[in-house]
Each structure stands twice: as C-alpha cells, then as structure tokens.
There are 2 protein chains.
Amino acid sequence: MMQTEKLLQNVRLSQTNMRKEILDILDDSSLALSMNEIKLRLKSNYNRVTLYRNLKVLTEKGILHQIHIDRQDSKYVLPLKTDKAGEHDQEHLHFKCLMCNEVKCLTDQHPEQVVLPEGYEKIEVNFVVYGICRTCKNKN
Amino acid sequence: MMQTEKLLQNVRLSQTNMRKEILDILDDSSLALSMNEIKLRLKSNYNRVTLYRNLKVLTEKGILHQIHIDRQDSKYVLPLKTDKAGEHDQEHLHFKCLMCNEVKCLTDQHPEQVVLPEGYEKIEVNFVVYGICRTCKNKN
DNA sequence: CTATTTTTGCAACACTGTTGCAAATATTTT
DNA sequence: AAAATATTTGCAACAGTGTTGCAAAAATAG
Ligand SMILES: [Mn+2]
Ligand SMILES: [Mn+2]
Ligand SMILES: [Zn+2]
Ligand SMILES: [Zn+2]
C-alpha cells in the first residue's frame, strides 16, 4: 500500500477520493494508463472534467508523468510506484505495442544525453518506440 | 521546385490540387507544420476532412512524416525536401520550443540505436525534446 | 463547529479524428 | 477526345478530449 496521503500533502493538494483512487490505480498498474483506462477503473462514476483536471494538476505538480504516445493517445504513470521507486529517475524510453496498444516504461535503459544546438535549453523529453511486444509476437 | 508529381506517382495517388499544394507548402517550410498551419497556407478553402484524409494517406504511403508532439499537437514534415534530401534518412530527435511552439528536426545528431527487451520488435520511433529555442532565449 | 479554500459536477464550446455517402474530379480505356 | 471506371472531395454527423465558467459540495483551517 502506497502513501497517497503523503504525496498529495507534499504538493499541498486536498485529499479527495478521486485523487486517492487515481494514485492507487496507477500504483497497482504495471502499465501506463490512459485517461479512459483510469476512468474505467475508478470505483464510482466521477465526472470526466474533474478527472481531466486532476490528471492535469497531478502532472503539473510532478506526481504523475504523462507520456505522449500520439495524437489520440496519452498515458499516465506514477513514477514513485511502491515496487519501483527510483527506476523513473532518469530519462528513459517508452514502448507502445501497435497490436495490443499496451505502453511500458523501458526503465532499464537510458538514452545517451541529448545534445542540443548552441543556445537551446532542454526542459523535458518524450521518447516513444512503436513496435510489437513479445506477447503479441508469440501469438501469430 | 520539387517533383511533387513524381512523389504521388510513385505511390499511385491521384494528382489533386490539394495534394500538390500540401507537398509544396512542406517543401518550402523549414519547420514541421501542423494540420492547421498547412490549412492556413492552402490557396483555396479546402474541406478539413479532405485535408485530414490527405495527410493521413500521404503519411501512410511514407511521403510525409508525422511527429507526435503531444496530445493536442502533431506536425508533418516532408523528408524529401528539395534542399534537405537525405538528412531524414536516419532516426533523429525533434525539438519543440515551449515559448514559440516551433518544431524543428534535429537531423544532425542521431541517437544511439535503441535496444529493446528480448522478443520486442521496433517499427518506428518518436523522439521529442521540449525546451526553449535560441531565438526565444535571446528575447527575454 | 464555523469560516475559508479547494474541488466537483454540469453546461457549453472548440478542435481533431472518423465514417458514410453522393457529387465532383482524375485516370484509364476505347 | 469521349466514355467508362476509379479515386477524391465536400458535407453531414458523431465521438473523444481539451478547456472554461460557475454554483454546489467537500475538504481544510481556525
Ligand atoms: Mn516513463
Ligand atoms: Mn523529423
Ligand atoms: Zn502487444
Ligand atoms: Zn522558440
């Protein structure tokens, strides 16, 4: 069980049911989840705008990390997952399987440091590899 | 002037006005352009669905390359630009300036080869770096 | 417990994605 | 070049996400 209360407290956000559920859902999931996948796992029928606003604020506060898969897909992960603390500390790639659509963080490899042109400043990165996962490959 | 006719011919797509304009617009642009930025540069008022379908089919045929910036932004480039032929051949990073929102292909650097877990197959990559460009940096 | 602050749900609108279908246009065949 | 065929376009329509304003509800501070 994760200390959701602590996470919210640290960034001075109220402890609401939806927020605690979102964090629990992501803590339990081994995959990055979309807004809709999170919505389907919520216990009650919350409003979609509220979910949108909560994912947004949790991302802005740095509690959640948003992966931009493509125009119609974006996924969220909880870097401080109970069983994975620390793995997310460095830049890493993400993998989206084009058959099953699952998204995984490839935290065991770290891309070399990005070198930008003179005068450019890096703030954040979004690295996604698209392909076929092992499970899907073994199915056909 | 680019051989738009050749490009379309090669993939057996009809030579329509919109398609030729799209290719000309991207050939002229030093930046990756969004659907809307392309729409604004079109000579006549084409239908947005048609533009969407053309960008889609041109991307599927491999003539255009689509960069997934984030959930509300995706950009298109013409890798075979008249003055840049070949630069796009290898995997490369893209840079989005969070102040001016411009997106550039960083074709002079190539990230090291991606290594995936055993059994995974890579099909495509999408690497985006967010930050501040030199121009914007010099403004403040 | 009360006052204050924050969050929620709802309505409303914007934009992109997506499909079906008939009309228009491009290509192929005679 | 005209007719036949294949492809593309524009329009209507709907879906999903993003986004804001605002009043009601819930959480937090005093
Ligand atoms: Mn990640
Ligand atoms: Mn590029
Ligand atoms: Zn898969
Ligand atoms: Zn800039």
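Chain naming here is simple, since letters A, B, ... match the order of the sequence lines and numbering starts at 1 in each.
For the helix from dC1(C)-dG30(D) to dT30(C)-dA1(D), the rotation axes defined at the first and last 5 base pairs enclose an angle of 40°, given to the nearest 10°.
Contact check on Lys137(A) versus Glu121(B) returns a salt bridge, with a Lys/Arg side-chain nitrogen under 4.0 Å from an Asp/Glu carboxylate oxygen. One finds a salt bridge joining Lys122(B) and Glu91(B) here, because a Lys/Arg side-chain nitrogen approaches an Asp/Glu carboxylate oxygen to under 4.0 Å.
Toward the 5' end of DNA chain C, the nearer of the two residues Asn45(A) and Val49(B), judged by each one's closest nucleotide, is Asn45(A).
As rounded to whole Å, 11 Å separates atom P of dC15(C) from atom NZ of Lys39(B). As a whole-Å value, the separation of Asp70(A) CG from dG17(C) P is 10 Å. Rounded to an integer number of Å, the gap from CG of Leu51(A) to P of dG9(C) is 10 Å. Between the OH atom of Tyr46(A) and the P atom of dT7(C) there is a distance of 15 Å, rounded to whole Å. Rounded to whole Å, atom P of dT17(D) lies 13 Å from atom CD of Gln66(A). In this structure, the CG atom of Asn17(B) is 10 Å from the P atom of dT27(C), given to the nearest Å. One interatomic measurement links the two molecules: CD1 of Ile69(A) to P of dT17(D), which rounds to 14 Å at whole-angstrom precision. Distance, Lys56(B) NZ to dT9(D) P: 15 Å, rounded to whole Å.
The residue Thr16(B) sits close only to the backbone: its heavy atoms come under 4.0 Å of sugar-phosphate atoms, none of a base. Among the protein residues, Ser14(B) comes within range of the sugar-phosphate backbone only, with heavy atoms under 4.0 Å from sugar or phosphate atoms but none that close to a base.
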>> Applying side-chain contact (heavy atoms from CB on, under 4.5 Å) to Leu78(A) and Ile22(A), what does each step give before you reach the verdict?
In response: CA-CA 10 Å; Leu78(A) 175 64; Ile22(A) 290 172; over 6 Å; no
>> Does Asp73(B) form a salt bridge (charged side-chain N to carboxylate O under 4.0 Å, His left out) with Lys96(B)? I'd like the steps, not just the answer.
In response: CA-CA 10 Å; Asp73(B) 197 5; Lys96(B) 171 172 177 166; 3.0 Å; yes
> Between Lys75(A) and Glu37(A), does a salt bridge (charged side-chain N to carboxylate O under 4.0 Å, His left out) hold up when you go through it step by step?
Replying inline: CA-CA 9 Å; Lys75(A) 302 268 187 172; Glu37(A) 289 165 337; 3.1 Å; yes
> So Arg134(A) and Glu118(B), side-chain contact (heavy atoms from CB on, under 4.5 Å) or not? Walk me through it.
Replying inline: CA-CA 7 Å; Arg134(A) 178 170 37 218; Glu118(B) 183 64 26; 3.8 Å; yes
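Distance from the side chain of Thr50(B) is smallest to dG10(D) among dT7(C), dG10(D), dT28(D). Here the nucleotide nearest the side chain of Arg19(A), chosen from dT8(D), dT16(C), dT7(C), is dT7(C). Counting only heavy atoms from C-beta on, Arg71(B) has its side chain closest to dT17(D) among dT17(D), dT27(C), dA26(C).
Put simply, Asn54(A) has a side-chain N or O that comes within less than 4.0 Å of OP1 or OP2 on dT8(C). Close to dT18(C), at under 4.0 Å from its OP1 or OP2, lies a side-chain N or O of Tyr52(B).
In this structure, a donor-acceptor pair under 3.5 Å is absent between the side chains of Gln66(A) and Thr59(A). Looking only at atom types and distance, the side chain of Glu21(B) has a donor-acceptor partner in the side chain of Tyr46(B) under 3.5 Å away.
Residue Arg53(A) places no side-chain atom within donor-acceptor reach of the base of dG18(D), judged by atom type and a 3.5 Å distance cut-off alone. Judged by distance alone with a 3.5 Å cut-off, a donor-acceptor contact links the side chain of Arg48(B) to the base of dG17(C).
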